[in-house]
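Structure, as structure tokens:
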Amino acid sequence: MATLKLFNTLGRRKEELKPLRDNEVGLYTCGPTVYDYAHIGNLRTYIFEDILRRVLEYNNYKVKHVMNITDVGHLTGDNLGDADIGEDRMEISAQRTGKSAWDLAKLYTEAFFKDTERLNILKPHIVCKATDHIPEQIALVRKLEAKGYTYKTSDGIYFDVSKFPTYGELVGQSLKEKKAGARVEVNPEKRNPADFALWKFSPKGAKRRQMEWESPWGVGFPGWHIECSAMSTKYLGQPFDIHCGGVDHIYTHHPNEIAQSEAAEGVKMANFWLHGEFMTVEGRRMGKSEGNAYLLEELIERGFKPLAFRYLCLNTHYRIQLNFTWQALEGAQTALERLREHVRNARANGGEPAQGKVLPEARERFLVALNDDLNLPQALGAVWDFVRSQRNPSDKLATLLDLDRVLGLRLSEVRREAELEISPEVQELLAQREAARTAKNFKEADALRMKIAELGYEVLDTPQGPKAAKRSDATPKP
RNA sequence: GGCGGCGUAGCCAAGUGGCAAGGCAAGGGUCUGCAAAACCCUCAUACACCGGUUCGACUCCGGUCGCCGCCUCCA
């Protein structure tokens with residue numbers, strides 16, 4: 001088995017992956033907080049995680065992929081410094097839209113999976129919702145309580161980080177250093193600024209929460225971090241192999257998960273921690289307030305295919321900020337279309353993937369790039385060099401479809417799609433034009449071509465005869 | 001203010017102490033009735049700027065500028 005090296009945030013260096021069980025890898029990826037639609041920056045992270053999973057599988061590991069859905073407890077300020085002043089994101093969205101928090105969770109969860117499906121992101125083997133695991137979270141808090149890691153304030157049960165000496169290991173920053181950089185403490189009941197809520201009490205009075213549960217400490221709801229600890233342990237055991245998320249989680253969410261899990265179980269939580277970088281847009285930070293936190297839906301409205309966005313993401317290493325520009329997305333879309341055209345041509349030239357063989361030299365170069373910390377830009381370079389080389393169509397197809405197991409660009413579906421898109425009406429016009437053309441009546445032929453173009457198709461005369469292709473020239477407006 | 005990352009052709013970008021991957025765009029050609037696709041060729045004396053180390057740096061060191069991130073919710 002080839003050596004796969006990954007950059008481990010824990011230690012800040014590339015390390016060889018050595019799974020705990022021979023051929024199996026336990027993978028936990030932090031999922032969405034379903035209080036709103038996911039924007040393309042969010043989606044980039046899920047594409048990175050999808051690539052990781054596919055690379056693991058390409059290396060013949062059996063992957064068990066678990067992802068959470070945060071549908072409760074993620075407060076607007078549930079972190080360092082102001083754990084008691086935030087509001088639950090779900091409840092805020094509910095107030096804003098007039099829908100129930102539960103309905104919204106369902107709505108945005110479905111929207112999320114619709115997006116990931118369009119991006120050909122493989123669905124995790126286990127998708128677990130925080131609200132479906134309240135007993136597990138309560139049990140974990142009780143365990144921490146029994147071991148003396150917690151204390152109670154007027155608004156909740158907190159984790160005392162001073163009892164956990166290695167807190168901040170992931171960050172490479174000691175508690176003391178973190179404290180020195182912290183701002184004004186806004187929750188005077190907390191013993192240490194880095195302490196965080198494990199369980200929050202429902203506010204007393206008229207303003208009832210929509211999401212709340214009974215617990216040994218009274219009615220309330222779980223803290224944001226506890227779900228990941230409870231569910232990762234439940235489904236993957238502890239320790240497990242790889243834990244992923246966005247870079248924003250390096251400093252608070254993940255250290256807190258580590259503290260909870262390791263304090264409770266007395267063993268390491270996960271061996272590898274991988275983090276995907278953020279996106280910028282036209283060189284500026286991306287955010288809702290900037291008006292550039294685009295949704296996948298908006299890209300589609302501008303005439304782009306979801307997989308063009310996926311291709312764009314593959315073209316930049318996951319640990320480097322990706323600068324999103326419309327021009328770059330157009331480039332990605334063209335490149336993807338061309339790649340698909342190569343598959344189409346290989347098919348047209350009689351290529352049958354089942355009769356071809358995966359060419360070892362192409363696969364090797366591709367794999368070397370992948371196994372060096374998921375260097376997809378370099379892997380794509382290898383793909384293009386291969387695509388431009390002269391091969392017999394069957395071998396070419398077999399190889400490209402093999403590489404696409406990682407790329408996830410749906411290259412195997414190219415043929416079917418091309419056939420489906422041509423309506424009988426267009427087929428008929430195409431036949432008429434070919435007849436005119438054969439009769440050297442080019443004026444007539446060109447007129448028919450215009451007619452076909454009006455129906456949204458482009459006429460292409462290929463060595464195998466004329467064909468129509470759906471025009472993808474919906475010009476994007478920057 | 002503290003800590004960290006980045007700055008490579010019009011755009012997205014990979015990379016290495018020893019003559020700068022790949023894709024998009026652009027220009028030329030083959031093919032075509034004309035096109036499209038495909039294929040071929042061209043396209044950074046140059047890797048933000050200024051110093052230093054070195055036989056040699058884009059790659060190492062120091063400084064400057066710019067952008068981004070974290071320290072405060074965010075993938």
Side-chain angles (χ1 to χ4, degrees), chain A residues 12 29-33 35-36 38-49 74-82 86-87 89 171-173 177-184 186 193 224 244-253 275-280 282-289 293 311-317 319-339 341-342 344-345 348-349 369 372 375-385 387-388 390 437-438 440-443 445-446 449 458-463 466-467 469 471:
Chain A
R12 312 251 157 170
T29 59
C30 277
T33 299
Y35 68 104
D36 202 349
H39 56 65
I40 56 174
N42 299 124
L43 294 171
R44 181 193 183 197
T45 298
Y46 299 106
I47 290 173
F48 142 62
E49 290 161 349
H74 194 164
L75 308 193
T76 54
D78 190 26
N79 275 320
L80 185 67
D82 58 354
E87 287 184 75
R89 293 167 175 282
V171 191
Q173 186 184 26
E177 288 165 340
K178 188 162 181 169
K179 192 176 183 179
R183 290 191 178 184
V184 184
V186 289
W224 172 38
C244 295
V247 287
D248 53 310
H249 287 151
I250 293 174
Y251 288 89
T252 305
H253 183 51
H275 295 94
E277 251 298 349
F278 274 16
M279 273 176 60
T280 54
E282 315 278 356
R284 315 295 312 180
R285 70 161 275 149
M286 177 175 164
K288 278 177 197 166
S289 54
Y311 185 99
L312 180 70
C313 291
L314 301 188
N315 201 33
T316 304
H317 188 95
R319 284 194 291 115
I320 298 292
Q321 286 180 1
L322 160 55
N323 187 29
F324 178 90
T325 65
W326 293 104
Q327 200 178 355
L329 184 59
E330 274 184 72
Q333 174 135 304
T334 305
L336 174 61
E337 276 309 313
R338 243 165 236 179
L339 202 52
E341 188 62 26
H342 278 278
R344 219 168 271 140
N345 287 342
N349 290 330
D372 181 15
N375 195 331
L376 265 293
Q378 205 160 77
L380 271 181
V383 170
W384 280 104
D385 283 347
V387 162
R388 309 253 196 235
Q390 295 297 321
R437 207 169 74 92
T438 316
K440 305 257 182 235
N441 186 353
F442 298 124
K443 209 170 176 181
D446 286 345
R449 169 151 59 186
E458 192 169 15
V459 177
L460 309 173
D461 293 322
T462 73
K467 65 172 184 176
R471 284 160 58 131

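For clarity, every value in this text was computed on a predicted model and none was experimentally measured. Residue numbering restarts at 1 for every chain, and letters A, B, ... go by the order of the sequence lines.
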Is [X] near enough to [N] that one of its side-chain N or O atoms lies under 4.0 angstrom from OP1 or OP2?
X        : N     : answer
A/Asn323 : B/C12 : yes
A/Asn375 : B/G15 : yes
A/Arg319 : B/C68 : no
A/His342 : B/C39 : yes
A/Arg388 : B/C39 : yes
A/Arg285 : B/C67 : no
A/Arg338 : B/C24 : yes

Gap in Å between the two [atom1] atoms, one belonging to [N] and one to [M], rounded:
N     : M     : atom1 : value
B/C41 : B/C24 : P     : 14 Å
B/A36 : B/U32 : P     : 14 Å
B/C11 : B/G5  : C1'   : 22 Å
B/C12 : B/U53 : C1'   : 34 Å
B/A14 : B/C50 : P     : 24 Å
B/A57 : B/C49 : P     : 15 Å

Nucleotide forming a Watson-Crick or wobble pair with [N], both distances under 3.5 Å:
N     : result
B/C24 : B/G10
B/U32 : none
B/A57 : none
B/G69 : B/C3
B/C43 : none
B/U16 : none
B/U64 : B/A48

Item to check | Steps toward side chain to side chain contact (heavy atoms under 4.5 Å, CB included) verdict (A/Glu277, A/His317) | outcome: CA-CA 9 Å; A/Glu277 251 298 349; A/His317 188 95; over 6 Å; no
Item to check | Test item: A/Asn315 side-chain N/O and A/Pro377 main-chain N/O as donor-acceptor pair under 3.5 Å | outcome: no
Next on the checklist: Please determine whether any donor N or O and acceptor N or O are separated by less than 3.5 Å between the side chain of A/Asn315 and the base of B/C12.
Outcome noted: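 Checked by distance alone, the answer is yes.
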Checklist entry - Ignoring hydrogens and angles, does a donor from either the side chain of A/Asp248 or the base of B/G69 sit under 3.5 Å from an acceptor on the other? => result no
Next on the checklist: Classify A/Leu322 by what it touches in the nucleic acid, base, sugar-phosphate, or nothing, heavy-atom distance under 4.0 Å.
Outcome noted: sugar-phosphate
Checklist entry - Contact class for A/His249 vs. all strands (heavy atom < 4.0 Å): base, sugar-phosphate, or nothing? => result sugar-phosphate
Checklist entry - So, A/Arg338 and A/Glu341, do they make that salt bridge, N to O below 4.0 Å? => result no
Checklist entry - Within this structure, what is the CD-to-C1' distance between A/Gln333 and B/C11, rounded to whole angstrom? => result 16 Å
Next on the checklist: I need the OH-C1' distance between A/Tyr311 and B/A13, as an integer number of Å.
Outcome noted: 11 Å
Checklist entry - If we only count heavy atoms from C-beta on, is the A/Tyr46 to A/Thr29 side-chain gap below 4.5 Å? => result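 The answer is no; the side chains never approach within 4.5 Å.
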Checklist entry - If each of A/Ala328 and A/Glu341 is mapped to the nucleotide of RNA chain B with the nearest heavy atom, which maps nearer the 5' terminus, i.e. the 5' end? => result A/Ala328
Checklist outcome for this item: Assert: residue with more 5' nearest nucleotide on RNA chain B, out of A/Phe442 and A/Met279, is A/Phe442
Next on the checklist: In terms of relative ring orientation, are A/His342 and A/Trp384 parallel, tilted or perpendicular, with 30° and 60° separating the classes?
Outcome noted: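 Correct class here is perpendicular.
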Checklist entry - Is A/Phe278 stacked on the base of B/A75, with ring centres under 5.5 Å apart and planes under 30° apart? => result yes
